[in-house]
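Reading through the structure tokens given below for one structure.
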Number of protein chains: 2
Amino acid sequence: MNLKDLSALLGLSQTTVSRALNGYPEVSEATRQRVAAAAEKYSYRPNTRAKSLATGRSMAIGHVIPISAQHEMVNPVFGDFIAGAGEAYAAAGYDMVLSLVQDSHEERVYRDMFAKGNVDGIVVHAPEMHDPRIALLQDIGLPFAVHGRASDVPTPYNWLDVNNKSAFQRATGFLLDLGHKRIGLLNGLETMDFAHRRRAGYVEALQTRGIAVDKALMRSEEMTENYGYQAVCEMMKLPDPPTAYLVSSMIPAIGIRRAIHDAGLKMGQDISVITHDDDLSYLRNGDDVPLFTATRSSVREAGRQLARILIDQISNPGKVPQTKLFEAELTVGRSTGPNVGAR
Amino acid sequence: MNLKDLSALLGLSQTTVSRALNGYPEVSEATRQRVAAAAEKYSYRPNTRAKSLATGRSMAIGHVIPISAQHEMVNPVFGDFIAGAGEAYAAAGYDMVLSLVQDSHEERVYRDMFAKGNVDGIVVHAPEMHDPRIALLQDIGLPFAVHGRASDVPTPYNWLDVNNKSAFQRATGFLLDLGHKRIGLLNGLETMDFAHRRRAGYVEALQTRGIAVDKALMRSEEMTENYGYQAVCEMMKLPDPPTAYLVSSMIPAIGIRRAIHDAGLKMGQDISVITHDDDLSYLRNGDDVPLFTATRSSVREAGRQLARILIDQISNPGKVPQTKLFEAELTVGRSTGPNVGAR
DNA sequence: TCATCCATCCAAAGCGCTTTCAATTCTTTC
DNA sequence: GAAAGAATTGAAAGCGCTTTGGATGGATGA
């Protein structure tokens, strides 16, 4: 059933039927009803491609997902993010198209998406510190929104980020208050902008208290469970091992817990751990009392809101870019306690 | 830069340029070179929507992702699956469009996808035991492939599944061989087809050895970390608690490990655990010696191969549906050992 | 009564591509 | 050297929709 058939059936022109269905004013209420009823009856759905071609808008938003070269992995956070974004898209009638790319620098994917015209806008994932993709997208004039930020971009653009620096600063401060002086940092890859900011927060908190930053206590890798395990196993062998750890995600935090248990120690008593918690649906941080003390910020909510920002930008092309900074909440769980050795 | 511009630039007709770029034989090699060079130079990309409209093929494949009503969660396995599928799509020039749907029964999403014509085929995720979606898709005549199977569909269709029954049968047998008689089953939701098959394998293995099936030892829920933790905490309070557990995914297995540790016991010594392992990139089951004894099958590889099956079906509409059954490998790790109480 | 306006509808062009059918030129073949 | 065939190109229709620029007729006002 296409527009031609439907209008023939109704004895109306395609023009009128199209207008009736799209809510244009120059059609009488009576015929609008009649058209709507017929469309419903024959379950008419306008062909997206034809519509796109005619309007010049594709009603689709592209997500370019970088695949890590090292582990060939997709960020586990990703599922929840697009679940949130998907809600916003569905509400606004947008489709979501995914492109998984090995090398996130690959500018061709972006250029192609634009030239082929199959998206109206793009969500940029996992921005790096000096991310060339932002300048590129500004250059080609395709609306976009970034999940996170890139540090060195002078011109404004749409982004939504967690205040990573303040979150890790507070978390570090919390551990220092508990008497910990040797705090391990298991960061994400520091080419990533968020990881860089987190380290800045950690370092600043230490320096404020006059505690020297020890490079031996800082790691930066992709956030797998094994990473957490291995890194802590190794750090525990140091002459003056950490009594606390700050880690960038629940997944490696689980590895840390494993390492602590394997060493015959108790998390929250012998060794403290604070993790960042993206509030993943399949990895809830405990029900009543959180298992981990954590800096929490829902990545699903981030997806939802960033999608809205992008849709807004697409609908109002002239509008000044929006930015949104989530403050993570520091929730105290059972993985932290006073530094026993310090007493 | 569109076809009109490009052909004007070359002093050729749109027809010839189109043919040259799409590899039709009726164009001289000389002009083909010339066209290709110009297309490259001006980085011409044909407009997807116009192409789709003209050819009737959208070069996109839809994934309808069910969102669990209970936890509002996206299956954590999903990221790896589409990473695999994405590879195959990219190689064949297909886009991937995602639709996240609250109620997986919602037939309208499928009908709409077909009517709106924005996909050439669909991947069905998380099939239930008697899944109406398959008959629906057969009915509307949209090519599709199922990740998993539905039990009660008489007509053939494309699917790719792990041999869940044999995997869990062997795993149960393995535990029985170690002297375990009380084996807890932490299954996925048994409305899901895969969960049903796994239970069948578990039950059959017990019955073969003449061991009574105890309903108190069987759970069926969505696979979160908390589920694993809670279920085991509760089962350990039973008068005659399990000495071993069989669990459907790494995520709840991690919860099980937590419960065992919290009880002051050692996994692999006091209590044995076998999990199914989807070989997720961020949750590798140990490096050298696997942490968990597991029935393993790569979900990423499943994505890759199922995508190929679907593309093949789309390219050869008349072809008889393909099916593929992966056998999971049983890898022995450190989470299993003989039943100490049985000696 | 006539001119004007408004409400309502339609024909046709156009979005950027593919593809059918026809035209033209260049080779063969006898 | 003419007829037939092959190679190469182009004009134009069509995919299913939106939207511009009328057309039509009834209501309104003087």
Side-chain angles (χ1 to χ4, degrees), chain A residues 1-36 38-39 42-60 93-95 112-120 315, chain B residues 1-36 38-39 42-60 93-95 112-120 315:
Chain A
M1 172 66 55
N2 56 23
L3 186 60
K4 198 173 170 186
D5 298 343
L6 185 65
S7 48
L9 228 58
L10 283 161
L12 288 170
S13 74
Q14 300 190 30
T15 311
T16 305
V17 176
S18 170
R19 285 208 262 241
L21 292 173
N22 291 306
Y24 282 79
E26 55 276 81
V27 49
S28 78
E29 200 46 41
T31 52
R32 186 190 306 285
Q33 300 287 352
R34 208 157 64 86
V35 169
Y42 300 104
S43 65
Y44 164 72
R45 300 276 179 283
N47 182 301
T48 317
R49 300 167 302 192
K51 193 164 184 163
S52 297
L53 189 57
T55 57
R57 305 186 39 174
S58 63
M59 294 309 281
Y94 279 86
D95 280 334
D112 282 7
M113 275 206 163
F114 176 66
K116 296 198 302 178
N118 45 8
V119 297
D120 291 334
S315 313
Chain B
M1 173 66 56
N2 58 22
L3 185 60
K4 197 173 170 186
D5 298 343
L6 186 65
S7 48
L9 230 57
L10 283 161
L12 288 169
S13 73
Q14 300 191 31
T15 311
T16 305
V17 176
S18 170
R19 283 207 267 241
L21 292 174
N22 291 306
Y24 282 78
E26 55 276 79
V27 50
S28 79
E29 199 47 39
T31 53
R32 187 190 303 285
Q33 299 288 353
R34 210 157 64 86
V35 170
Y42 300 103
S43 66
Y44 166 72
R45 300 277 178 283
N47 183 299
T48 317
R49 299 167 302 191
K51 194 166 185 162
S52 297
L53 189 56
T55 58
R57 304 184 40 173
S58 63
M59 293 308 281
Y94 278 86
D95 280 334
D112 281 8
M113 276 205 164
F114 176 67
K116 296 198 303 180
N118 45 8
V119 297
D120 291 334
S315 313

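First the proteins, then the strands, lettered A, B, ... as listed; each starts at 1. Since this is a predicted model, take the numbers as computed values, not measurements.
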Query raised in the report: Which residue, B:A54 or B:P25, contacts DNA chain D at a nucleotide closer to its 5' end, judged by nearest heavy atom?
Result: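 Mapping each residue to its closest nucleotide by heavy atoms, the 5'-most match is B:P25.
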Within this structure, what is the [atom1]-to-[atom2] distance between [X] and [N], rounded to whole angstrom?
X: A:R34; N: C:dT8; atom1: CZ; atom2: C1'; value: 13 Å
X: A:L53; N: C:dC15; atom1: CG; atom2: C1'; value: 4 Å
X: B:M59; N: C:dT18; atom1: CE; atom2: C1'; value: 14 Å
X: A:Q14; N: C:dC15; atom1: CD; atom2: P; value: 17 Å
X: A:L21; N: D:dG16; atom1: CG; atom2: C1'; value: 14 Å
X: A:Y24; N: D:dC17; atom1: OH; atom2: C1'; value: 12 Å
X: B:N47; N: D:dC15; atom1: CG; atom2: P; value: 18 Å
X: A:L3; N: D:dC15; atom1: CG; atom2: P; value: 13 Å

Min side-chain heavy-atom separation [X]-[Y] under 4.5 Å:
X: A:M59; Y: B:N118; answer: no
X: B:Y42; Y: B:D5; answer: no
X: A:N47; Y: A:K51; answer: no

Query raised in the report: Is there a donor and acceptor pair, one atom on the side chain of B:R49 and one on the base of D:dG16, closer than 3.5 Å?
Result: no
Can you tell me if [X] touches the phosphate of [N], counting only side-chain N or O atoms and a distance under 4.0 Å to OP1 or OP2?
X: B:T16; N: D:dG10; value: yes
X: B:T15; N: D:dG10; value: no
X: B:Y44; N: C:dG16; value: no
X: A:N22; N: D:dT18; value: yes
X: A:S18; N: D:dT18; value: yes
X: A:S28; N: C:dC9; value: yes
X: A:K51; N: D:dG16; value: no

Would you mind telling me which of [options] lies closest to the side-chain atoms of [X]?
X: A:T55; options: D:dT18, C:dT8, C:dT18; value: D:dT18
X: B:S13; options: D:dT19, C:dT18, D:dG10; value: D:dG10
X: A:E26; options: D:dC17, D:dG10, C:dT8; value: C:dT8

Report task. Assign B:T31 to base, sugar-phosphate, or nothing according to its heavy-atom contacts below 4.0 angstrom with the strands shown. Result ->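 Sugar-phosphate contact only - B:T31 comes under 4.0 Å of backbone atoms but never of a base.
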**Report entry** Upstream residue (5' side of DNA chain C) when B:R45 and A:V17 are each assigned their closest nucleotide
**Finding:**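 Result of the comparison: A:V17.
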Query raised in the report: Judged by modelled atom types alone, do B:R57 and B:Y94 share a side-chain donor-acceptor pair under 3.5 Å?
Result: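 Yes, because at least one side-chain N or O of B:R57 sits under 3.5 Å from a partner of the opposite role on B:Y94.
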Report task. Looking only at non-hydrogen atoms, find the nearest pair between B:G117 and B:S58 and report the distance. Result ->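 Scanning both residues completely, I find the closest heavy atoms to be O-CB, 3.8 Å.
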Query - Distance in Å, B:T16 OG1 paired with B:R34 CZ, rounded so as to fall on 0.5 Å steps - result: 10.0 Å
